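Have a look at the structure below before the remarks.
Nothing here was measured: the structure is a model prediction, and the numbers come from that model. Throughout, numbering of the chain's residues begins at 1 and tracks the sequence.
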Amino acid sequence: MGLDCYIVHGNDRDKAFTSEDAEELKDVQLCGSLFTSGLGQDGSFRGKVYEPFVDKVMGTEGIWHIDGDAHITSAELKEQAEQIEKGLSAYEPGELVKIPHPWYDEDAEYEYKELKDLATLLRVAGSRGAVMLCWW
């Protein structure tokens, strides 16, 4: 099953939070979600890809698996961004980041820049009052 994440304006959840809202997002490149063409700069990305790393740095499991009208708050987005940055401090820019995958036998692998872009997206969105909706 997929996990698609959508960053939207906190005061208008029908309006995506995009690079038009924050110039810092124009170069963000994440794995696109199944039902959107976004690569992060349009506020959407494939959460299933990144949740294992975020779970690891947050010390939780299934952090983005939320139900119904629930959402990830701005404060939570900022905290997740901060923890991603801390987790990345163990790696060098350009290095391939590998962690044990919680659901599969092989490791989860990420480009350093990709996780840096995720942290940027979450940090900028959180600081501007956006929230994240998750569909799975």
Side-chain angles (χ1 to χ4, degrees):
M1 183 165 268
L3 173 63
D4 292 341
C5 297
Y6 303 89
I7 302 212
V8 297
H9 287 256
N11 61 354
D12 182 356
R13 294 195 187 162
D14 291 328
K15 184 177 180 190
F17 186 83
T18 71
S19 60
E20 291 180 12
D21 297 299
E23 180 72 18
E24 303 98 307
L25 304 183
K26 71 177 175 73
D27 294 324
V28 166
Q29 293 288 309
L30 300 174
C31 182
S33 63
L34 291 176
F35 297 106
T36 66
S37 59
L39 300 174
Q41 68 275 72
D42 74 341
S44 69
F45 62 94
R46 189 150 191 219
K48 180 180 180 179
V49 172
Y50 303 106
E51 191 179 45
F53 187 81
V54 176
D55 279 349
K56 179 180 189 250
V57 299
M58 296 298 294
T60 190
E61 187 175 312
I63 196 164
W64 293 337
H65 278 79
I66 56 177
D67 290 315
D69 290 334
H71 63 275
I72 309 298
T73 68
S74 297
E76 290 170 320
L77 291 175
K78 289 189 283 189
E79 175 63 20
Q80 291 171 18
E82 183 178 310
Q83 293 305 318
I84 292 167
E85 291 280 353
K86 284 182 183 177
L88 280 175
S89 68
Y91 301 91
E92 295 293 324
E95 188 176 351
L96 187 63
V97 177
K98 291 184 179 185
I99 63 165
H101 201 293
W103 312 306
Y104 305 114
D105 290 335
E106 68 272 357
D107 288 342
E109 296 182 351
Y110 308 94
E111 296 290 330
Y112 180 93
K113 181 193 179 304
E114 198 176 9
L115 292 174
K116 195 79 160 155
D117 284 353
L118 178 62
T120 297
L121 174 62
L122 299 183
R123 178 182 40 75
V124 170
S127 67
R128 303 253 179 119
V131 299
M132 188 164 75
L133 308 176
C134 303
W135 178 85
W136 56 284

CA sep, side-chain torsions, deciding dist, call: Leu122, Glu76, side chain to side chain contact (heavy atoms under 4.5 Å, CB included)
CA-CA 9 Å; Leu122 299 183; Glu76 290 170 320; over 6 Å; no

Evaluate Phe45 against Trp64 for ring pair (Phe, Tyr, Trp, His ring centres under 6.0 Å), listing each step before the verdict.
CA-CA 12 Å; Phe45 62 94; Trp64 293 337; 5.6 Å; yes

What I'd like to find out is whether the side chain of [X] reaches to under 4.5 Å of the side chain of [Y], using heavy atoms alone.
X: Arg13; Y: Val131; value: yes
X: Pro52; Y: Ile99; value: yes
X: His101; Y: Asp107; value: no
X: Asp55; Y: Pro102; value: no
X: Val97; Y: Leu88; value: yes
X: Asp4; Y: Leu133; value: no
X: His71; Y: Tyr6; value: no
X: Ile7; Y: Leu121; value: yes

Can a side-chain donor-acceptor contact be found between His9 and Asp14 if the only test is distance below 3.5 angstrom?
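No, no side-chain donor-acceptor contact under 3.5 Å.
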
Work out which heavy atom in [X] is nearest to a heavy atom in [Y]; give both atom names and the distance.
X: Asp12; Y: Val8; answer: O-CB, 4.5 Å
X: Met132; Y: Ile66; answer: O-CD1, 4.3 Å
X: Gly47; Y: Cys5; answer: CA-SG, 3.6 Å
X: Cys134; Y: Ile72; answer: SG-CG1, 4.3 Å
X: Ala119; Y: Ile84; answer: CB-CG2, 3.8 Å
X: Phe17; Y: Ala22; answer: CZ-CB, 4.1 Å

Using the rule given for side chain to side chain contact (heavy atoms under 4.5 Å, CB included), can you reason through Leu3 versus His65, listing the C-alpha separation, both sets of side-chain angles and the distance that settles it, and then say yes or no?
CA-CA 8 Å; Leu3 173 63; His65 278 79; 3.7 Å; yes

May I have all residue pairs that pass salt bridge (charged side-chain N to carboxylate O under 4.0 Å, His left out) and include part of [range], sequence neighbours excluded?
range: residues 122-134; result: Glu24-Arg128
range: residues 58-74; result: none
range: residues 84-102; result: Glu82-Lys86, Glu85-Lys116, Lys98-Glu109

Would you compute the distance between atom OG1 of Thr18 and atom NZ of Lys26 and round it to the nearest 0.5 angstrom?
13.5 Å

Return the CH2 to OG distance between Trp135 and Ser44, rounded to the nearest 0.5 Å.
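Reported value, rounded in 0.5 Å steps: 13.0 Å.
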
Begin from the C-alpha positions of Glu114 and Tyr50 and carry the test side chain to side chain contact (heavy atoms under 4.5 Å, CB included) through to its verdict.
CA-CA 9 Å; Glu114 198 176 9; Tyr50 303 106; 2.5 Å; yes

Looking at Val49, Asp117, Leu115, which hits side chain to side chain contact (heavy atoms under 4.5 Å, CB included) with Leu30?
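So the option named by the test is Asp117.
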
